[in-house]
Amino acid sequence: MLVYHGTTLEIRHPKIITSEIGRDFGFAFYTTDIKEQAERWAIRRERILSRTSGKKEHAVVNVYEWSENHVLREKVFHDASLDWLEMVVQCRSNVSYQHGYDIVTGKIANDNVGETVSYVVQGIMRKEDAVERLKFEKINNQIAFCTEASLDELKFVESYVVEE
């Protein structure tokens with residue numbers, strides 16, 4: 001299966017990203033199986049970095065072949081369920097939280113979804129109400145490679161620059 005990672009660099013050897021706190025499934029190397037989504041991530045990252053650095057960056061999508069070794073501990077969330085929301089809330093609110101999975105696949109808490117998640121974290125909204133609200137959101141997919149063993153399943157195929 002092909003997976004994609006949108007950024008501004010070619011990444012032949014993925015690493016667990018520990019510099020970004022508050023990620024949906026904790027510290028990991030995040031990919032998606034949706035090419036267009038990775039392209040949007042790359043363009044967004046390019047715009048942010050170009051603005052902050054003052055120099056022109058390039059939107060780059062890295063493509064990997066995922067061997068899907070079923071020996072690893074994998075958690076798959078098929079939709080924005082209560083179980084999914086509980087993990088996202090734990091990972092976003094507690095940087096020392098360890099879920100124990102090598103790979104986590106599930107929906108992305110984008111800006112609209114993130115707002116709902118933040119209501120839960122702040123105690124403004126019940127988890128059950130949040131899940132009901134999220135049923136109406138179009139939520140994209142992400143695959144988080146959370147351990148070194150999981151990264152061994154990714155084989156770099158190519159990278160390309162996204163033209164806007």
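Heavy atoms only: backbone and side chains are in, while hydrogens, waters and symmetry mates are out. Position 1 is the first residue of the sequence; numbering continues from there.
Side-chain atoms of His99 come within 3.5 Å of backbone N or O of Tyr101 as a donor-acceptor pair. Of the possible polar contacts, one joining the Thr31 side chain to the Ile143 backbone as a donor-acceptor pair under 3.5 Å is found. Of the possible polar contacts, one joining the Asn62 side chain to the Ile11 backbone as a donor-acceptor pair under 3.5 Å is found. Panel note: side chain Thr32, backbone Ala38; no donor-acceptor pair is recorded below 3.5 Å. Arg45 places no side-chain N or O within 3.5 Å of a backbone atom of Gly6 that could act as its donor or acceptor partner. Checked by atom type and distance alone, the side chain of Thr52 pairs as donor or acceptor with a backbone atom of Leu49 at under 3.5 Å.
Ile48 places a side-chain heavy atom less than 4.5 Å from the side chain of Arg51. In this structure, the side chains of Val104 and Cys146 come closer than 4.5 Å at one or more pairs of heavy atoms. Residues Met87 and Phe77 are in side-chain contact: their nearest non-hydrogen atoms beyond the backbone lie under 4.5 Å apart. Val60 is not listed as a side-chain neighbour of Val162, based on a closest heavy-atom distance of 4.5 Å or more. Residues Lys107 and Asn141 form a side-chain contact, since some pair of their non-hydrogen atoms from C-beta on lies under 4.5 Å apart. Looking at heavy atoms from C-beta onward, Ile108 lies in side-chain contact with Gln37 at the 4.5 angstrom threshold. For the pair Lys75/Thr105, no side-chain contact is recorded, criterion being any heavy-atom separation below 4.5 Å from C-beta on.
Tyr30 and Ile43 are members of different hydrophobic clusters when ILVMFWY side chains are connected at heavy-atom separations under 4.5 Å. A continuous path of hydrophobic side-chain contacts links Val157 to Val61 [ILVMFWY only; heavy atoms under 4.5 Å]. Note on Phe156: it clusters hydrophobically with Ile103, by side-chain heavy-atom contacts below 4.5 Å among ILVMFWY residues. Hydrophobic clustering (ILVMFWY, side-chain heavy atoms < 4.5 Å, transitive): Leu154 and Met1 are in one cluster. Tyr64 and Ile17 fall within a single hydrophobic cluster, where Ile, Leu, Val, Met, Phe, Trp and Tyr are joined by side-chain heavy atoms under 4.5 Å apart, directly or via other members.
How far CD of Glu57 is from OG1 of Thr7: 9.0 Å, rounded to the nearest 0.5 Å. Here the CG-CD1 distance, from Leu2 to Ile34, works out to 13.5 Å after rounding to the nearest 0.5 Å. Distance CG/Asp24 to CZ/Arg92: 4.5 Å, rounded to 0.5 Å. Atoms CZ and OG1, from Arg44 and Thr8 in turn, are 13.0 Å apart once rounded to the nearest 0.5 Å. A distance of 8.0 Å separates CD in Glu68 from CD in Glu153, rounded to the nearest 0.5 Å.
Judged by the 6.0 Å and 45° rule, Lys35 forms a cation-pi pair with Tyr160.
In terms of the salt bridge (charged side-chain N to carboxylate O under 4.0 Å, His left out) criterion, residue partners of Arg126 (sequence neighbours excluded) are, by chain and number, Glu128, Asp129.
Residues Pro14 and Leu151 come closest through the heavy atom pair O-CD1, 3.5 Å. Of all heavy-atom pairs spanning Asp79 and Trp84, the tightest one is O-CB, 3.8 Å. Shown here for Tyr97 and Cys91, the closest heavy-atom pair between the two residues is CD2-SG, 3.7 Å.
Taking the centre of each ring, Phe145 and Trp66 come in below the 6.0 Å mark.
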* To do: Decide yes or no on side-chain contact (heavy atoms from CB on, under 4.5 Å) for Tyr4 and Glu39, but give the supporting numbers first.
  => CA-CA 9 Å; Tyr4 308 90; Glu39 290 175 351; over 6 Å; no

* To do: Kindly determine whether Lys56 and Glu46 satisfy salt bridge (charged side-chain N to carboxylate O under 4.0 Å, His left out), including the steps that lead there.
  => CA-CA 8 Å; Lys56 175 66 175 147; Glu46 176 268 326; 2.8 Å; yes

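Using a 30° and 60° split on the angle between ring planes, Phe29 and His5 fall in the parallel class, below 30°.
A side-chain donor-acceptor contact under 3.5 Å links Asn94 and Ser96.
The number of heavy atoms from other shown groups lying within 6.0 Å of CD (Gln98) does not exceed 12.
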